[in-house]
Number of protein chains: 2
Amino acid sequence: MQITSYTDYALRVLMFIAKSPTGQTTITEIADFFNISRNHLVKVVHQLGSKGFVKTTRGKGGGLALQRPPEMINIGDVVRSMENHFNWVECFDPAQQHCRLLPNCGLKHLFARAGNAYLDVLDSATLADVLLGITTIDLNPQIP
Amino acid sequence: MQITSYTDYALRVLMFIAKSPTGQTTITEIADFFNISRNHLVKVVHQLGSKGFVKTTRGKGGGLALQRPPEMINIGDVVRSMENHFNWVECFDPAQQHCRLLPNCGLKHLFARAGNAYLDVLDSATLADVLLGITTIDLNPQIP
DNA sequence: GTATAAGATGTATTTATTATACACCTATAA
DNA sequence: TTATAGGTGTATAATAAATACATCTTATAC
Ligand code: SF4
Ligand code: SF4
């Protein structure tokens, strides 16, 4: 039971940009800092862009910046945008409706409530909130 | 973001036993009813047994029964016993402590709260609760 | 206008996890 | 003593996720 690194990387990207002195950075800088796959990050950033969280600019001198201030970026929104489904149990998937306990299984509703409780907590925080503990970060690339 | 079928099967087993007229059944009966892998179920049932949720008896006339009444079986306990970890994000895993935002990342604490909220909901229900909607089930094997 | 630096896109490969299958063992009641 | 039940360990298959690679597009600087 874990979110994908894809989603976690998205959140790291947002945090890194927010903590960058200029508010502007590049994919390569972020990949070097966290020592993670640049190729993977490219796709994360692209999706963050298409979902309206970051503004990307191509070409020399380009890079990425937040589209909105951290106070306006909700963590639940980000997680929902990056994670590809929240089918907590099999029967949540419309394509998998063969469980013999359907449609009156109380478990299904319990998991729905649990999942909502989980997302409610994420919805209660913004990027600004999760940055509170992080005063400054050493922006240098990680030496592995 | 989904629990494993392993865990869901465990819960189905408990529900099936609870709804069985005799309170006693066999792995083969359950596998046939849900049309799922008997081999997989064997391991699910074994673990349910070793965690004290069901009582298994070998040999002719054997099978499985609940060890406690449904009111005493907490869903959260079952899920915790079957799912093999709740490392909501990478840094929850003690073996993965290389994220550059450690140790002051607020996101980590947010996910901890979200995960707890999720499990709290599961902890709030018993097997008896999730069975409420299910009045009777046709115990015949599924014809695929 | 051309070289350079940035992100965009599509595909392929590798890795990890989960699910399933198979062979064989142990226990127990009829 | 045989049939029936679960137990155990290993191997394989299926799925999902992460990573790598090749190529394209865009934009700035000079
Ligand atoms: S047992 Fe209940 S929750 Fe699980 S798949 Fe079947 S209907 Fe859904
Ligand atoms: S970004 Fe925060 S939550 Fe994610 S792995 Fe790093 S420390 Fe943990």
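Numbers restart at 1 for each chain; the letters A, B, ... are given by sequence-line order, proteins then strands.
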Using whole Å, report how far [atom1] of [X] lies from [atom2] of [N].
X     : N      : atom1 : atom2 : answer
B:D8  : C:dA19 : CG    : C1'   : 14 Å
A:L41 : D:dA17 : CG    : C1'   : 15 Å
B:H40 : D:dG9  : NE2   : C1'   : 15 Å
B:F34 : C:dA19 : CZ    : P     : 16 Å
A:M1  : C:dT17 : CE    : P     : 16 Å
A:I3  : D:dA16 : CD1   : C1'   : 16 Å
A:Y6  : C:dT15 : OH    : C1'   : 19 Å
B:Q96 : C:dA16 : CD    : P     : 11 Å

Next item on the list: Classify the ring geometry between A:F16 and A:F33 as parallel (under 30°), tilted (30 to 60°) or perpendicular (over 60°).
Entry: tilted
Phosphate-side-chain proximity, [X] and [N], N/O vs OP1/OP2 below 4.0 Å:
X     : N      : value
B:S37 : C:dA21 : yes
B:N84 : C:dT17 : no
A:R38 : C:dG7  : yes
B:T56 : D:dG7  : yes
B:T4  : C:dT17 : no
A:Y9  : D:dT19 : yes

Check: So which one's nearest nucleotide on DNA chain D is more toward 5', A:E83 or B:G61?
Finding: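 Mapping each residue to its closest nucleotide by heavy atoms, the 5'-most match is B:G61.
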Notebook entry, point to check: Are side-chain heavy atoms of A:R113 and A:L110 found at a separation under 4.5 Å?
Noted result: yes
Notebook entry, point to check: Should the pair A:D123-A:R80 be classified as a salt bridge under the 4.0 Å nitrogen-to-oxygen rule?
Noted result: yes
Margin query: Ignoring hydrogens and geometry beyond distance, is the side chain of B:K43 in donor-acceptor contact with the base of D:dT10 at under 3.5 Å?
Written below: yes
Checklist line | Polar pair under 3.5 Å, donor/acceptor by atom type, side chain B:R58, base C:dT28 | finding: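 No.
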Checklist line | Toward the 5' end of DNA chain C, by each residue's nearest nucleotide, B:K60 or A:G62 | finding: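 Looking at DNA chain C, the more 5' nearest nucleotide goes with A:G62.
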Notebook entry, point to check: If you pin B:I36 and A:T57 to their nearest nucleotides in DNA chain C, which one's is more 5'?
Noted result: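 Here A:T57 is the residue nearer the 5' end.
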Note to self: Rounded to the nearest 0.5 Å, what separates atom CZ in A:F34 from atom CZ in B:R100?
What the structure shows: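 Going from CZ on A:F34 over to CZ on B:R100, the span is 8.0 Å.
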Item checked: Separation between CG of A:L132 and CG of B:N104, rounded to the nearest 0.5 Å -> 11.5 Å
Next item on the list: Identify whether any heavy atom of B:H46 sits under 4.0 Å from a base atom; if not, whether one sits that close to sugar-phosphate; answer base, sugar-phosphate or nothing.
Entry: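 B:H46: backbone/sugar contact only, no base atoms under 4.0 Å.
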Margin query: Checking side-chain polar atoms at under 3.5 Å, does A:D8 have a donor or acceptor matched by the opposite partner on A:S5?
Written below: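 Result is no, nothing qualifies.
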Next item on the list: Taking only the side-chain heavy atoms of A:N39 (C-beta and beyond), determine which of D:dT19, D:dA20, D:dG6 contains the nearest atom.
Entry: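 When the side chain of A:N39 is considered, D:dA20 is the closest of D:dT19, D:dA20, D:dG6.
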Margin query: What's the closest nucleotide to the side chain of B:L64 if the choices are D:dT8, D:dG6, C:dT18?
Written below: D:dG6
